[in-house]
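Reviewing the structure listed below.
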Amino acid sequence: MAERNKLRVVPDPNSLFQVAAEEFAAQVGSTLKSSDRFTVALSGGSTPKGLFSLLATNYRDRLPWNEIFFFWGDERHVPPDNSESNYRVAHETLLSKVPVPATNVFRVPAENPDASHAAQEYERTLREFFHTTAGTLPQFDLILLGMGPDGHTASLFPGTSSLQEKTKLVVATWVEKFKTYRITFTAPLINQAKTVMFLVSGADKSSALKEVLEGQQSAELFPSKLIKPIKGRLIWLVDEAAAASLSRKGA
Ligand code: 6PG
C-alpha cells in the first residue's frame with residue numbers, strides 16, 4: 001500500500017468503533033490546530049452506528065462540537081424521519097445527543113420527490129459552504145465510508161452511471177436491486193478529501209474486501225476501488241471477520 005494508505009485490522013466490531021472514535025478525535029484535534037472548523041461526511045448503513053454511539057457517550061465531553069460540521073456521503077431517497085434515512089440514524093445515535101449547533105448539520109434534502117433535484121440542491125449547499133466554483137472540488141477533512149458485500153461504497157453501486165461521473169459533486173443514481181434512487185457523493189469529490197476512512201465489519205464483506213484490496217477485477221464491478229485520495233490519506237479500518245480472506249493483514 002502507498003505510504004498514505006493504511007490497513008488496520010482489529011479483532012472485533014467494538015474495537016473497530018473504539019479505534020475509529022480515537023482516530024476521529026485525533027483528526028479533529030490536529031485539524032483544529034490550524035483551522036477553525038472540521039468538516040466530516042458521515043457514511044450510512046449500520047456499521048457506523050457503533051462509532052456514532054461511542055462519540056455521543058465516551059467522547060461527548062472531549063470534542064468541540066461547535067467546530068465540527070456534518071454532511072453525508074450518501075442518502076437514501078426518503079424523508080429525514082424515515083427509518084431508512086442515514087440522517088435519521090446519525091441524528092438518533094449521535095447528533096441529538098451532543099451539543100452540535102443545528103447550523104453545523106447539513107443533511108441531504110432527500111425528501112424532494114425528484115432525486116436529481118435533491119442531488120443538485122445538495123451540490124449547491126456544498127459549493128456555498130466550501131466557497132468553491134464549478135471546476136474546483138470541495139475538500140472535506142474526513143469522509144467516512146462503508147462497503148457493501150458487493151464492493152459498493154457510499155451509493156456508488158456496481159454497473160451504475162454514477163461511477164463514471166467526473167465533474168459533479170453529488171448525483172442521484174437508480175439502484176436496480178433496491179428499486180430506488182440514492183443520492184451520493186461522486187468518486188472525484190471523495191478523492192479530494194484530506195482523509196478517507198473505511199469502516200468494514202463482518203464476514204459477509206470478506207470476499208469483496210479481498211477483491212478490492214488485492215484483486216484485479218474492475219472498479220465497475222467493485223466501486224470501492226474508485227476510492228484513491230489524490231493527496232489525502234486512505235485508512236481501511238476493518239475487523240478480523242472482514243479481513244479473513246486477505247493475504248496480508250495490514251501495513
Ligand atoms: C448506505 C451506505 C452504504 C453502506 C454500505 C455498508 O447508505 O447504505 O452509505 O454505502 O456504507 O452499504 O453498509 P453496512 O454498514 O450496513 O454493512
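Counting convention: from 1, in listed order, for ligands and their atoms alike.
- In terms of protein heavy-atom proximity, atom 6 (C) of ligand 1 is nearest to M147 O, 3.6 Å.
- With no hydrogens or angles considered, a side-chain donor-acceptor pair links E220 and Q164 at under 3.5 Å.
- Ionic pairing of E123 and R127 is present here: one or more N-O contacts between side-chain nitrogen and carboxylate oxygen are shorter than 4.0 angstrom.
- Residue-to-ligand polar distances place G44 within reach of ligand 1: an N/O pair is separated by less than 3.5 Å.
- The nearest heavy-atom contact from the protein to atom 8 (O) of ligand 1 is R76 NH2, 2.7 Å.
- Taking the six-membered ring for Trp and the full ring otherwise, F178 and F157 have centroids separated by under 6.0 Å.
- Contact annotation: for R182 versus ligand 1, heavy atoms closer than 4.0 Å belong to the side chain alone.
- Protein heavy atom in closest approach to atom 5 (C) of ligand 1: H152 NE2, 3.5 Å.
- The atoms of ligand 1 that sit less than 4.0 Å from any heavy atom of S46 are 14 (P), 15 (O), 16 (O).
- At a threshold of 4.0 Å, the pair R233-E23 counts as salt-bridged, since one of the basic side-chain nitrogens sits closer than that to a carboxylate oxygen.
- Remark: minimum distance from atom 13 (O) of ligand 1 to any protein heavy atom is reached at G45 CA, 4.0 Å.
- Within the 4.0 Å heavy-atom criterion, both parts of T47, backbone and side chain, lie near ligand 1.
- No close placement of the F38 and F69 rings is indicated, their centers lying 6.0 Å or farther apart.
- Inspection of the E22 and Y59 side chains reveals an N or O donor paired with an N or O acceptor under 3.5 Å.
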Chi angles and distances behind the side-chain hydrogen bond (donor to acceptor under 3.5 Å, both in side chains) call for D74, T184: CA-CA 4 Å; D74 72 315; T184 186; 5.4 Å; no
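- Side-chain contact annotation: D12 with S15, donor-acceptor N/O pair under 3.5 Å present.
- For the ligand labelled ligand 1, residue E75 lies outside the 4.0 Å heavy-atom shell.
- For atom 2 (C) of ligand 1, the closest non-hydrogen atom on the protein side is D74 OD2, 3.5 Å.
- In this structure, F140 has its ring center under 6.0 Å from that of F71.
- For atom 17 (O) of ligand 1, the closest non-hydrogen atom of the protein is K205 NZ, 2.7 Å.
- Contact annotation for S201 and ligand 1: no heavy atom of the residue comes within less than 4.0 Å of the ligand.
- When only non-hydrogen protein atoms are considered, atom 11 (O) of ligand 1 lies nearest to G146 CA, 3.3 Å.
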Audit row: E67, W65, side-chain hydrogen bond (donor to acceptor under 3.5 Å, both in side chains) steps and yes/no: CA-CA 5 Å; E67 294 176 272; W65 298 102; over 6 Å; no
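- Residue A154 approaches ligand 1 through these ligand atoms, each under 4.0 Å from one of its heavy atoms: 2 (C), 3 (C), 9 (O), 10 (O).
- Under 4.0 angstrom from ligand 1, the non-hydrogen atoms of N86 all belong to its side chain.
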